[in-house]
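Only one structure is covered here, and it is reproduced in the block below.
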Amino acid sequence: MNNKVISAEEAVKKVKDGDTVMVGGFLAGGFPEDLVRALVDTNSASNLTIISNDTGTPELSIYNLVKSGRVKRIFASYIGSNPETGRLLMTKEAEVQLFPQGTLAEKIRAGGAGLGGVLTPVGVGTMVEEGKKKIEIDEREYLLELPLKADVALIRAHKADEEGNLVINGSSRNFNLVMATAAEYVVAQIDEYVKTGEIDPNHVNVPGIFVDAIVKVGGNA
């Protein structure tokens with residue numbers, strides 16, 4: 001059996017200069033706080049691209065990551081709770097790209113599924129369509145949204161077994177599910193660790209084949 005349990009500090013060593021990092025969660029819900037804090041405190045990688053639904057609040061470690069000057073590009077759907085991300089957007093010290101929330105999720109899902117992109121009517125006729133290819137189907141226009149993938153994904157789950165199968169409770173599933181499939185190296189912060197066979201297969205949200213490392217911490221997911 002391959003033991004996937006490692007420390008947060010060891011897990012974030014996988015992040016290198018220039019990497020793209022996906023961060024799961026919706027504000028504090030399902031957010032891998034310990035993993036991101038370890039990335040801020042113990043890893044000095046720079047020129048990072050961060051893909052996250054939002055960039056958190058000043059109380060969350062992703063705020064400190066954004067403020068560190070180590071992030072060159074941000075893909076998100078909401079940045080209203082992080083004044084530093086808003087400042088970067090205005091000053092252009094970093095590239096900040098905003099997407100409708102569902103579109104961002106679909107771009108990540110497409111990356112994980114090996115698709116060439118997705119077609120969506122969301123954003124047609126608005127600033128969202130700038131620089132994107134439009135395709136007409138049955139007299140309706142769609143935007144071609146290209147897939148997103150990452151070098152590393154930091155996600156959050158409630159429970160994992162020895163094989164890395166994950167259970168993610170309720171709304172904490174948010175972006176954690178699609179990000180688990182769309183990165184080369186996936187780290188899951190978990191609260192409970194059990195032996196293989198103790199999780200009902202019907203309750204598995206992310207199969208262990210997608211999970212490379214598990215970091216056990218306390219608290220609730």
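At a cut-off of 3.5 Å, with distance as the only test, no side-chain donor of Ser81 or Thr57 sits close to an acceptor on the other residue.
Looking at every heavy atom in both residues, Gly111 comes nearest to Ala182 through C-CB, 4.4 Å. Here the closest heavy-atom approach between residue Val206 and residue Val211 is recorded as CG1-CG2, 4.0 Å. Closest heavy-atom contact between Ala213 and Ile6: CB-CD1, 3.6 Å.
Connectivity analysis of hydrophobic side chains (ILVMFWY, heavy atoms under 4.5 Å, direct or indirect) links Ile199 to Val167, Val194, Val204.
Distance check: Arg156 CZ to Gln189 CD gives 4.5 Å after rounding to the nearest 0.5 Å. Remark: Phe99 CZ to Asn53 CG distance equals 12.5 Å, nearest 0.5 Å. The structure places CG of Asn205 at 12.5 Å from CZ of Phe210, a figure rounded to the nearest 0.5 Å. Rounding to the nearest 0.5 angstrom, the gap separating the CG atom in Asn64 from the CG atom in Leu39 is 11.0 Å. In this structure, Asn82 CG and Leu89 CG are separated by 11.5 Å, a value rounded to the nearest 0.5 Å.
Without hydrogens or angle criteria, Arg173 side chain to Ile168 main chain gives a donor-acceptor distance under 3.5 Å. Side-chain atoms of Lys4 come within 3.5 Å of backbone N or O of Glu163 as a donor-acceptor pair. Using modelled atom types, one side-chain atom of Ser7 and one backbone atom of Glu10 make a donor-acceptor pair closer than 3.5 Å. A donor-acceptor contact shorter than 3.5 Å links the side chain of Thr42 to the backbone of Ala38.
For Val71, the side-chain contact (heavy atoms from CB on, under 4.5 Å) partners at least two apart in sequence or on another chain are Ile50, Leu65, Ile74. Asp200 is linked by a side-chain contact (heavy atoms from CB on, under 4.5 Å) to Asn202, His203, counting only residues two or more places apart in sequence or in another chain. Remark: Glu84 pairs with Arg87 by the side-chain hydrogen bond (donor to acceptor under 3.5 Å, both in side chains) rule, at least two apart or across chains. In terms of the salt bridge (Lys or Arg N to Asp or Glu O under 4.0 Å) criterion, residue partners of Arg37 (sequence neighbours excluded) are, by chain and number, Glu33, Asp34. Not counting sequence neighbours, Lys92 has no partner by the side-chain contact (heavy atoms from CB on, under 4.5 Å) test. Thr120 meets the side-chain hydrogen bond (donor to acceptor under 3.5 Å, both in side chains) test with no other residue; sequence neighbours excluded. Residues satisfying the side-chain hydrogen bond (donor to acceptor under 3.5 Å, both in side chains) test with Arg70, not counting sequence neighbours, are none. Applying the salt bridge (Lys or Arg N to Asp or Glu O under 4.0 Å) criterion to Glu198, with sequence neighbours excluded, gives no partner residue. Considering only residues two or more places apart in sequence or on other chains, Asn165 meets the side-chain hydrogen bond (donor to acceptor under 3.5 Å, both in side chains) condition with Asp161.
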Quiz item: Do Lys216 and Asp191 pass the salt bridge (Lys or Arg N to Asp or Glu O under 4.0 Å) test, and can you show the C-alpha distance, the side-chain angles, and the key distance before you say yes or no?
Solution: CA-CA 6 Å; Lys216 170 73 170 65; Asp191 301 306; over 6 Å; no
Exercise. Could you walk me through whether Thr126 and Val124 pass the side chain to side chain contact (heavy atoms under 4.5 Å, CB included) test, one step at a time?
Key: CA-CA 6 Å; Thr126 73; Val124 172; over 6 Å; no
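Using a 4.0 Å cut-off between charged nitrogen and carboxylate oxygen, Glu129 and Lys134 count as a salt-bridge pair.
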Listing, residues 139-149 side-chain donor-acceptor contacts under 3.5 Å, not counting sequence neighbours, or none:
| from | atom 1 | to | atom 2 | distance (Å) |
| --- | --- | --- | --- | --- |
| Glu145 | OE1 | Lys107 | NZ | 3.3 |
| Glu145 | OE1 | Lys132 | NZ | 3.4 |
| Glu145 | OE2 | Lys132 | NZ | 2.6 |

In a table with atom names and distances, give each donor-acceptor pair under 3.5 Å that connects a side chain of residues 13-32 to protein atoms at least two apart or in another chain.
| from | atom 1 | to | atom 2 | distance (Å) |
| --- | --- | --- | --- | --- |
| Lys16 | NZ | Lys13 | O | 2.8 |
| Asp17 | OD1 | Ser46 | N | 2.8 |
| Asp19 | OD2 | Lys16 | N | 2.8 |

